[in-house]
Amino acid sequence: MSTLTVDKTRFAIKEPKSLSDRVRWLRDYYFEGVKRRWSNEFTSWTTGTPWDFQYNELSFYIVPETYFYIPTFRSSFKQTAKPVALHKDFWSWNLPERRAWFLKEVMVNYVPKEILPGDLLAGARFNVITSHCLTEKETKEYDKLVKGKGGSREAMLWFHNHGYGNTGATSGHLIPGYARIIQEGWVAVNAELKACYEKLSDEEKKGPKGGQLRAMITSSTLARDLAAKYREKLLALVENEPDIARKTELQTMANNLARVPWEPARNFWEAVQSLWLTHMLVMSDENYPGPGVSFGRIDQFLYPLWEASLSSGMDREFGKDILKCMWVHCNTAYDGMIRTGGNQGITAGYGQLLTLAGVGAAGLDMSNDLTYAILEVIDEMSPILEPKPNVRLHRGTPEPLMDKVVEMIASSQGAPFLLNFDERSMAGMMLEARKAGVQHLINTTNVHEYAPVGCLENTMVGNDRSGTVDDNLNLLKAVELTLTGGYDMIPVKDGLTGLPSKLTLDGADTGDPAAFSTWEQFWQAYAEQTRRIINLSVETYEKSEAIRARFFQTPYLSCLVKGCAASGKDINQGGAELNFVTVEAVTYATTVDSLLAVKHLVFDKQICTMQELVKALKANWIGYEKLQAIAINKTPKYGRDDDVADEMASQVMHLWTEEVWKHKTNSTKRQFRPGMLSWNYWISYSDILAASPDGRAKGKFLSNAICPSNGADIKGPTANVNSVGKVMGGKAADGKGDWAEYFNVLPNGGSHTITFNPSILRDPEHRDKFKAFLRGYIENGGSALQINMLNADLLRDAQKHPEDYRHLLVRVTGYNAYFTTIGKELQDEIIARESHQMC
Amino acid sequence: MENMTEAIATLTGTILHLQRLSTEDGPGIRTTVFYKGCPLRCAWCHNPESLLLKPEVQWIGNRCIGCDSCLEACEKGALSKEVDGFQRDRSLCEACGDCVRACPSGAMEMLGEAISVDDMVSELVKDRAYFEKSGGGVTLSGGEPSLQPAFTLELMKTLKQAGVSLALDTCGLCPPETLVELVAEADIVLFDLKLIDDDAHHKWTGVSNTRILNNLQVVKKEIEVSGGSKRLWMRTPLIPGATDTRENIQGIGQYLAEKVGAAAERWELCAFNNLCRDKYSRLDMAWAFAETPLMTKENLAEVDQWAKTSGFDPQRVFVTGTARLEN
């Protein structure tokens, strides 16, 4: 009873709607892209010294697509950099002070201040690439640590080329303390910093603490001084504005800036202005547009001001227009490299994530009128990439919110937001508190205040850096090393000569697996290789972490993260109260299925010997098609709600997550924690990692995040969901989990994507069934779900006629992209992906 | 007594497959059990693999990797390799499963396997959370569940004890006492009524509808005495040229209005679908409807109109399914 031929109207492409003339113009203008006269393209700035450079490659170590361009980026930003006249004492200051001053100087006195027509928010250009502000000696030291033998770049490339994954100290991926700025203003931050500085001894003032705090004091006035410049600009516009209504708006905007973000916001307009200016400067400070710099629970901290403004006469639609202006501003992050394109991967999704609804203290639901207003904004602006919304669901989510969520999923091409599941997520945060000994910072009284960053990575708010994309590890490498006794299965080709490099014992010395007579022996060897690859990833990460801590402070961002002021340490030096680095395991299902296949084929059923299996893998299954077919079709797989297979999956999960908790960074003492988000690595590593025992040939995609392998979830979405919930820890039989009866071994959360046939939402009766599915997910599922609604025919047509599908959004691993702008390879994969037959 | 318990636990049914997250077979989210074996021979049957009670084997060509393992495994000599793939001499094939076990790719597929009540139950309770949140449960469908009465009854009792809501989807052709026993365990009955004219029923399904209509009255009585705890949904497939005539639709509606009345909570009319075409060719069967196009939107609107003016409460008429895609 499937429906393949369907009413075409069901696939109507989502269009923006109910936009005011102002917002429609701004949105249309944004989508003109390179044709625009105004853009937020990167500008590059230099101290003017011959050794100066700007590009921070460390932040891009997790983006393999950029490796080839590292030298090019570095030299092109250097060549195009404009000099900044330095303060006479500049070189006498220590590094964070130089960095703080330099950024402020660039933003306040160099970058142009512009107001777009009709815009209600000031703060336009923020994409800057600033000087590292290093002395010649520091530059030499930096370059040795980065580019020298055994340096961070070499280590990172080795790690990547050999298929282990990628790792690097990356920007963003946190929720700055925006609520405080709105409520107390920068003036309070400034006062606190000065108080902290005054408490230092004279000795400390001369040392790194003093320098850091002086840098932060400088940074704490950046937003104020920039606001003043924008105010001047606005007042000039007021003079020349013929339209009375617009004149009044411009005057109000100028008035807003006379107050915020320095002082507390008194109304909604001021609050959003304060938020935007404060937020955009984080991206300036990190020299990276919007990498998971997230807003947190925006419908909570803005709500008192929303309510106050509404009750004092603000038109609700005007309030939404203020937000819509912020939406447009967020998207200009993509202007950074607008002329160099790059649709696939790196510029496809930045993830300025905002969080809506969810549970509050005493288990109460926190959705309010602003929650719905923001959902309306999303609906009316969609499709648009930023900011990325995340809606928190829980057992107490009220029906009207469920209705709105399902209605929006039905009218878009899949959910225009990610769904986060509170009970499972909070269980993970509670586990994290215990594992890291930070129960005083995360406990039953405040764990509900958590919010996701980037895509779905759960963190606390305003005091937490959890490095949620910094360490990406292919678990499958441990299977490969077990099968070879510690060597690469395929020798890596030398980049210059193209010749295969000599095999070395990079993994643990677990011996020839052909000698294993039992599955248990194989498992023990696998466990040892897992410990080995985690060790290697931690060691590789340490290099960029240590370099960043020493050479790349972000004092402005540090002002917005609790702990930095009190400790006098930059956020990049471990200054935040909560300091984690997340190991995001990639290839989970492929790994589990491969272990299941080894057990089934070699030990349980003895369909082949270990030697035969290894030979088949080295031959990429060529000549072993029958064995490959058995591996694909006749062995147990994760994701089918099969308790035996899922038990193996749980063992794999337990092993790697427990191992991760054993590590901390040396340089900054940040605790490693586990998560599962695989961005697009399940595609990029498919060509690097050898064939795997689950029947996957080299070149075929790996599994994505916590999802079952492609095509493996033949029992449908509920079985898939149940498997995911089980491996994340399931529920306590006695009801005593880490949060209610829930467990979650992945505090970061796991990215879970399910594709549905749109017929599940075709009428109110079916929409009710879908709501019930989501309520079932709350009980049985994981921490985060992305819902796709796809139809292969439609996508094939979109591939052929991209001009007709400009706005067609698809979601890939927790971020979304315009279908027609992603590469053909990825398009083909999306088309091939099984769409669950719902009827 | 112990022996009896054991006998019940090892009681098996011949089942095609389980469909989880089924949204079309009764209220809420359901897991549908597709039985093998049906007493009717409807010319349009959408599940031809469910007709025979005995297991059968089919070959799914696009899964085949051409390794010939099946040929080597078949001791009956039932398989041969032809230009368009494997041919099975069904007079020789006993569905022993040797070729299915030998096949590495899942191209050879067994249709119908004996499954015990216990194994069924442990699978069927896995989606309990979704059942509870949606007012759903398990639907026994097919094929025809009443054709394997002992197994079905035991399965229903065990699921009921486990607190799972049950739907019985029946064609209505079985001994009335069997139906009474099964309906006693069901929370909802999905009852098919295809053709109201007996000659037409005979022509299209191979049997008279007299017993079916009598059984419908039996079910109606059970529904009425349950005092609202049991529900009845009527279902009519809309088959072009067979059941989709004005006389038939209005005739069924009139019958329901007069003879079933308020006991029928809804009447679903399900549009013809052609997606089963491949199933017929895989089973080496001809299908009279292979070239029949889907109904048009206008057809469906017309049927909707007929049903709603037939005398049966129009609020309880639901026309479902897919219309022809029009450009």
Side-chain angles (χ1 to χ4, degrees), chain A residues 1-8 395 607 624-635 640-643 695 714-723 725-726 731 754 756-757 759-763 765-781 793 836-839, chain B residues 17-32 46-47 63-69 100-109 122-123 126-136 141 237 266 270-271 273-276 293-294 297 300 318 320-327:
Chain A
M1 284 193 283
S2 318
T3 48
L4 286 185
T5 44
V6 285
D7 190 337
K8 244 187 178 170
R395 282 173 167 169
I607 291 165
Y624 299 84
E625 286 78 10
K626 190 173 162 185
L627 185 60
Q628 181 186 20
I630 295 171
I632 292 172
N633 300 293
K634 299 262 172 140
T635 60
R640 298 173 176 176
D641 204 3
D642 164 0
D643 287 337
I714 52 176
K715 300 274 180 164
T718 55
N720 179 333
V721 171
N722 290 358
S723 285
K726 264 186 266 179
K731 288 180 177 178
I754 302 186
F756 289 96
N757 185 316
S759 60
I760 183 68
L761 294 163
R762 67 178 183 267
D763 55 29
E765 187 175 338
H766 284 80
R767 286 201 275 277
D768 277 346
K769 294 187 191 213
F770 195 74
K771 272 196 297 182
F773 170 78
L774 293 178
R775 295 230 183 252
Y777 195 101
I778 293 168
E779 296 301 321
N780 286 15
D793 291 340
H836 289 292
Q837 296 301 308
M838 300 284 292
C839 60
Chain B
H17 75 279
L18 306 183
Q19 173 76 54
R20 293 169 72 169
L21 194 57
S22 165
T23 55
E24 309 305 307
D25 298 298
I29 291 172
R30 316 196 67 86
T31 298
T32 301
H46 284 31
N47 293 322
R63 290 189 191 162
C64 183
I65 61 166
C67 67
D68 294 355
S69 302
V100 176
R101 283 182 287 277
C103 175
S105 67
M108 285 295 174
E109 191 175 72
S122 64
E123 230 11 66
K126 284 181 172 174
D127 279 353
R128 184 195 293 275
Y130 309 93
F131 300 161
E132 286 171 0
K133 298 293 171 188
S134 67
S141 183
R266 64 160 80 187
C270 316
N273 202 309
N274 56 9
L275 291 172
C276 57
L294 297 190
K297 264 189 196 166
L300 289 172
F318 295 85
T320 65
T322 306
R324 203 181 301 171
L325 190 62
E326 285 159 47
N327 296 316

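Only a predicted model underlies this, so the values are computations on that prediction, with no experimental measurement involved. Per chain, numbering begins at 1; letters A, B, ... match sequence-line order.
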### Summary
Value for SG (B:Cys103) from CD1 (B:Ile65), rounded to nearest 0.5 Å, stands at 7.5 Å
### Residues B:Ser141, B:Asp25; criterion side chain to side chain donor-acceptor pair (under 3.5 Å); working and verdict
CA-CA 8 Å; B:Ser141 183; B:Asp25 298 298; 5.0 Å; no
### Query
Counting distance only, does the side-chain N/O of B:Lys133 pair as donor-acceptor with the main-chain N or O of A:Tyr777 below 3.5 Å?
no
### Query
Is chain A contacted by the side chain of B:Arg30, its backbone, both, or neither, given a heavy-atom distance below 4.5 Å?
neither
### Message
Please classify the contact between A:Asp768 and chain B as side chain, backbone, both or neither, with a heavy-atom cut-off of under 4.5 Å.
### Response
neither
### Task
Supply the atom-to-atom distance A:Ile760 CD1 to B:Glu24 CD, rounded to the nearest 0.5 angstrom.
7.5 Å
#### Entry: Heavy-atom pairs under 4.5 Å with chain B, option from A:Lys634, A:Lys771, A:Glu625, A:Gln628 with the top count
A:Lys634
#### Entry: Leading residue by heavy atom contact count with chain A [cutoff under 4.5 Å; candidates B:Ala129, B:Ser105, B:Ser69]
B:Ser105
